[in-house]
Every structure is written in structure tokens, then in C-alpha cells.
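So the structure is just underneath, and the comments pick up after that.
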Amino acid sequence: LERALAQADAKRRQAEAMYAARLGDIRAAEVFLDKVDDIADSDVVRTVELLNGQIFQVAAIVSDDLALDCSAPAHTAIAEAACGRLEQGGWCSRGALEGLQGDGDFVLLALQTTLVAFATRLGNSWDLDLRADPGRPEELYQRIRAQEPQSVAGRWRALYRTHINGGAGDQTSALLASLSKVVADVLLACGATGTPDDVLALVHREFESELGEVVGYALEFRSKAGERVVSRDLRVF
């Protein structure tokens, strides 16, 4: 009888432990699935407005800077190499850059186009290494969206983007350096005189603060739309 009671008591304790574990799983799932957006749409829209404004302002400041001389002959080796880097990076096509040398209005347009391309890629990025192919996480996310409710898919996307790079702050300097190189290549492609190193140094010296704000707003959009909004997908175009 004592042995039977001991066995029954052991089974009871085992069942209670299993129940507690399952209850914990259910509560964790409820928190996961019931989590709502912790930011209003208006906050995201405001960030996009600030980003757009900063892009137009930076493009105007850079194109009007008196320290820049965009009078080099067209189709120099330096300009051609810069066009190649921009096209290879997906920032601006060679066709869009043809005939831009020496024309301030076209320099402004080229800068706007390239800054928008950079901010769009950064704001929508899964991985802050902008050279990485985003295909695999994006493809997986679309499969999850097709088979799971938005609450699950949105939380998966938010967790992935939050943890994949260990925090955007650690990479802000590298992203600013990348954007500075892109801007320098636009200027070189448009006929800026000087060596690539000279033009890049000028961009760093004269426009680091303004370009840093472009990076900052793009990262802010990425955080708000990609990590804090789970009920739907928001992208910049």
C-alpha cells in the first residue's frame, strides 16, 4: 500500500510539473501573439518626412559647396571608374549618370537619387551589411507570412532584425563611411576634380554631420517599421 501511494504521489508531482511547464508555454505564446505595435503610424510617417527633408537638404548643400569643382573633362578614367562602382553597388545606373559632368543641376539630381537609394536600402534592410544579399531572410519571411498569421510573422521579423546585427549603434560609423564613399563617387562621376582620396576626404570633412543625419533617420525608420511594428509591413520606396 505504501509503495502504491508513493508511486501515485510521484505521478501526481510529475503531472503537476508537466502542467506548470505547459502553462508557462501557453502564457509565453499569449505574450508573443498578443503583442501589439508599441509605436503609432504617425511616428513612422514623421521619421520618413524628416529623412526626405534631410536628403534634399544634404543634396543641395553638397552640390552648392564652393569647395567642389565639377569641371573635369567628361569620361575621364576616374569618372568612369566612379560610375562603375555606383552601378555595381546598385546605387545609380551608368545611363542615369551620362552627361552629368559640369552641370550643377544634374549634380543635385544625381545626389538626390543616390541618397534616396542608400536610405531606401538601409531602411528596408534585413542585414546592416548593405553588401549582403537579403534574399534568404526575405524569402523565409514571405513563406512565414503565407502560412502563419501576421502576429507570428511580424514578431519573427521584429526579433530577427533586432538581434541579427547586435544593435545598429555598433555599425553607424561603418554605414556613414559607406555613404560617404557613395557620395564621393557621385561627385567624381559628375566631374569633380582631384583624386578619389581627395574628394572622399573633402566629403568626410565638410559633410560628415549632414550625412550622419541621413544614416540616423534611415536607421530610425528601420527600427520603428521593422522592429516595433508587427501588425503590418511598412517600407520606404
Side-chain angles (χ1 to χ4, degrees), residues 39 42-72 78-79 82 85-86 89-92 97 100 103-125 127-132 161 165-228 235-237:
I39 190 170
S42 58
D43 288 337
V44 181
V45 171
R46 178 57 178 162
T47 299
V48 174
E49 292 173 345
L50 292 171
L51 175 58
N52 285 336
Q54 185 64 17
I55 286 173
F56 285 113
Q57 182 177 354
V58 170
I61 292 173
V62 175
S63 63
D64 290 342
D65 192 276
L66 296 177
L68 290 169
D69 178 10
C70 292
S71 60
I78 289 178
R85 289 191 294 271
L86 290 170
W91 306 118
C92 195
L97 290 168
L100 298 184
D103 191 322
D105 291 337
F106 281 114
V107 173
L108 174 64
L109 180 59
L111 285 167
Q112 289 176 349
T113 301
T114 309
L115 288 169
V116 167
F118 188 95
T120 298
R121 188 183 302 182
L122 177 54
N124 296 332
S125 65
D127 191 322
L128 290 178
D129 181 1
L130 298 182
R131 296 168 299 175
R161 292 194 181 186
N165 293 110
D170 299 336
Q171 301 197 38
T172 301
S173 296
L175 292 168
L176 176 57
S178 296
L179 179 56
S180 297
K181 290 178 182 178
V182 171
V183 170
D185 277 340
V186 172
L187 297 177
L188 290 167
C190 293
T193 58
T195 68
D197 287 342
D198 289 339
V199 175
L200 179 58
L202 184 146
V203 170
H204 278 303
R205 184 176 65 252
E206 299 293 333
F207 312 116
E208 182 176 16
S209 176
E210 291 83 356
L211 293 175
E213 290 192 38
V214 172
V215 171
Y217 286 134
L219 287 173
E220 184 177 328
F221 172 83
R222 181 182 183 274
S223 173
K224 289 179 177 180
E227 301 172 16
R228 300 176 64 185
R235 297 175 65 88
V236 286
F237 298 95

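Since the structure is predicted, the reported quantities are computational estimates derived from the model, not experimental observations.
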Heavy-atom pair of closest approach, residues [X] and [Y]:
| X | Y | answer |
| --- | --- | --- |
| A82 | A189 | CB-N, 3.8 Å |
| S63 | L108 | OG-CD1, 3.7 Å |
| L188 | G194 | CD2-O, 4.0 Å |
| L111 | A59 | CD1-O, 3.7 Å |
| D43 | K224 | O-NZ, 3.6 Å |
| A218 | L122 | CB-CD2, 3.6 Å |

I'd like to know if the side chain of [X] reaches the main chain of [Y], judged simply by a donor and an acceptor atom lying under 3.5 Å from each other, with no hydrogens or angles considered.
| X | Y | result |
| --- | --- | --- |
| S180 | L176 | yes |
| S125 | L128 | no |
| Q54 | E210 | yes |

Gap between atom [atom2] of [Y] and atom [atom1] of [X] - 0.5 Å precision:
| X | Y | atom1 | atom2 | answer |
| --- | --- | --- | --- | --- |
| D127 | Q171 | CG | CD | 7.5 Å |
| T47 | L219 | OG1 | CG | 11.5 Å |
| L51 | F56 | CG | CZ | 10.0 Å |
| L50 | E220 | CG | CD | 7.0 Å |
| D185 | I78 | CG | CD1 | 11.0 Å |
| L211 | L175 | CG | CG | 12.5 Å |

Full working for side-chain contact (heavy atoms from CB on, under 4.5 Å) between T193 and D198: CA-CA 9 Å; T193 58; D198 289 339; over 6 Å; no
cation_pi(R121, W91) dist<6.0 Å, angle<=45: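 Verdict for W91: a cation-pi partner in R121.
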Given V62, I61, I55, the one that forms side chain to side chain contact (heavy atoms under 4.5 Å, CB included) with V58: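 Only one of V62, I61, I55 forms a side chain to side chain contact (heavy atoms under 4.5 Å, CB included) with V58, namely V62.
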Test log, rule side-chain contact (heavy atoms from CB on, under 4.5 Å), inputs N124 and F221: CA-CA 8 Å; N124 296 332; F221 172 83; 3.8 Å; yes
Residue pair L187 / V203, side-chain heavy-atom distance below 4.5 Å: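 A side-chain contact exists here, since the closest heavy-atom pair is under 4.5 Å.
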